Amino acid sequence: MNKKAFIFDLDGVIVDTARYHYLAWQKIAQELNIDFTLEHNELLKGVSRVRSLDIILELGKVEASQEDKNKWLIQKNEEYLSYLVDMDQSEILPGVMPVLKYLKEKNQAIALGSASKNARPILEKTGIMQYFDVIVDGNDVTNAKPDPEVFLIAAKLLGAKPEDAIVFEDSVAGVQAANIGKMTSIGIGEEKTLHEAKYIYPDFTHIDMRFIEGLINK
């Protein structure tokens, strides 16, 4: 049996906390009289909190001091965390658990590679921390996706070469990061958005274990 490194993004791949991010950012935007829609929110996928705020300010053509930015960043995170209080295993997206269990059964290396700085508490609340050999999150990297840093660190910690790493991502920036890092990219979401991924699935319920086995034995 070959051993590969399977790296999962968090938001929109394992759990759907994207809506919580949207609600938290929307509250900030409303206070600043900025029109912030779900379509605008797509621009923030896979992007750091700091860059996300800059994008929102750019949308509203709002100039702000670093002091104000820091205040809004803290406010946004506190608002977001308030939504996570009641998280449990029911928040895990359909089809994810069978894939994680299969990879564990096959003794494959598994990592989380996420821009989120709240990745660990989310994994704890959903009860799946034990599935991950390595966790690399926003606290561990300096460069945001599409820079491949988060995935390269994860692969290295798993003792894998980049070409033996498989990345599950729901964002354009994440898919690009995997591709730049010379890893196999699997897009989870819409094909028209994630067309740069090597493989694309609407969600994990469409992934057959024979496909996963093929990746392992490739």
Side-chain angles (χ1 to χ4, degrees), residues 7-87 91 111-126 134-154 157 167 169-181 188-190 193-194 196:
I7 307 173
F8 293 75
D9 180 39
L10 180 63
D11 296 338
V13 173
I14 293 175
V15 291
D16 185 16
T17 53
R19 67 187 186 277
Y20 299 147
H21 285 292
Y22 171 63
L23 291 170
W25 281 126
Q26 191 180 48
K27 190 166 184 178
I28 299 288
Q30 285 174 343
E31 289 178 10
L32 298 172
N33 294 313
I34 297 172
D35 182 36
F36 183 64
T37 66
L38 278 169
E39 190 174 342
H40 293 141
N41 194 54
E42 289 296 308
L43 300 171
L44 310 188
K45 277 193 173 181
V47 175
S48 70
R49 195 186 311 164
V50 172
R51 179 60 191 141
S52 293
L53 177 59
D54 285 339
I55 289 170
I56 291 171
L57 294 177
E58 287 165 13
L59 285 170
K61 296 181 172 57
V62 173
E63 296 285 335
S65 66
Q66 191 58 51
E67 186 179 357
D68 281 336
K69 288 183 180 181
N70 292 341
K71 179 185 71 176
W72 295 326
L73 288 169
I74 292 169
Q75 184 181 334
K76 184 269 172 181
N77 196 47
E78 289 174 347
E79 186 73 21
Y80 171 70
L81 289 174
S82 72
Y83 291 115
L84 303 186
V85 172
D86 298 321
M87 276 193 87
E91 297 272 0
L112 188 85
S114 170
S116 172
K117 291 190 175 183
N118 300 299
R120 285 173 175 82
I122 289 172
L123 293 179
E124 286 171 357
K125 283 183 171 293
T126 52
V134 163
I135 296 168
V136 184
D137 64 17
N139 298 296
D140 306 310
V141 298
T142 53
N143 300 306
K145 302 168 189 175
D147 188 290
E149 181 185 19
V150 65
F151 298 144
L152 291 173
I153 291 174
L157 290 173
V167 175
E169 260 287 354
D170 73 319
S171 72
V172 174
V175 167
Q176 290 172 341
N179 291 343
I180 292 167
I188 304 296
E190 295 185 8
T193 305
L194 303 174
E196 292 178 57

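All values derive from a computational prediction rather than experimental measurement.
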>> With a 3.5 Å distance limit and no angle check, can you tell me whether Ser65 reaches the backbone of Asp68 through a side-chain donor-acceptor pair?
In response: yes

>> With rounding to the nearest 0.5 angstrom, report the CG to CG distance, Leu59 to Leu43.
In response: 6.5 Å

>> So Ile7 and Val136, do their side chains get closer than 4.5 Å, heavy atoms only?
In response: no

> Between Glu169 and Lys145, is the closest basic N to carboxylate O distance under 4.0 Å?
Replying inline: yes

> Ser82: what forms a side chain to side chain donor-acceptor pair (under 3.5 Å) with it, not counting sequence neighbours?
Replying inline: none

> What residues form a side chain to side chain donor-acceptor pair (under 3.5 Å) with Asp137, not counting sequence neighbours?
Replying inline: Arg120, Asn139

>> Taking the side chain as everything from C-beta on, heavy atoms only, tell me whether Glu79 gets closer than 4.5 Å to Ile28.
In response: no

> Hey, mind stepping through Tyr20 and Leu81 against side chain to side chain contact (heavy atoms under 4.5 Å, CB included) and telling me if it holds?
Replying inline: CA-CA 9 Å; Tyr20 299 147; Leu81 289 174; over 6 Å; no

> What do you reckon, is CD of Glu67 surrounded by more than 12 foreign heavy atoms closer than 6.0 Å?
Replying inline: no

>> Go through it in stages, so that I can follow the logic: the residues are Thr193 and Lys45, the test is side chain to side chain contact (heavy atoms under 4.5 Å, CB included), and I'd like the CA-CA distance, side-chain angles, deciding distance and then a yes or no.
In response: CA-CA 12 Å; Thr193 305; Lys45 277 193 173 181; over 6 Å; no

>> With side-chain contact (heavy atoms from CB on, under 4.5 Å) as the test, pick out the partner of Val150 among Val141, Asn143, Thr142, Asp140.
In response: Val141

> Would the number of heavy atoms belonging to other residues, nucleotides or ligands and lying under 6.0 Å from CD of Glu190 be above 12?
Replying inline: no

>> Test: ring pair (Phe, Tyr, Trp, His ring centres under 6.0 Å). Region: residues 31-67. Which pairs qualify, not counting sequence neighbours?
In response: Tyr22-Phe36

>> Test of understanding: with side chain to side chain donor-acceptor pair (under 3.5 Å), list the residues that count as partners of His21, not counting sequence neighbours.
In response: Asp11, Lys76, Tyr80

>> Please enumerate all residues that pass side chain to side chain donor-acceptor pair (under 3.5 Å) together with Lys69, with sequence neighbours excluded.
In response: Asp54

> Taking only residues two or more places apart in sequence, or in another chain, which ones meet Gln30 in a side-chain contact (heavy atoms from CB on, under 4.5 Å)?
Replying inline: Gln26

> What heavy-atom pair brings Ser114 and Leu10 nearest, and what distance separates the two atoms?
Replying inline: OG-CB, 3.7 Å

> Is it true that atom CD of Glu63 has more than 12 heavy atoms of other residues, nucleotides or ligands lying nearer than 6.0 Å?
Replying inline: no

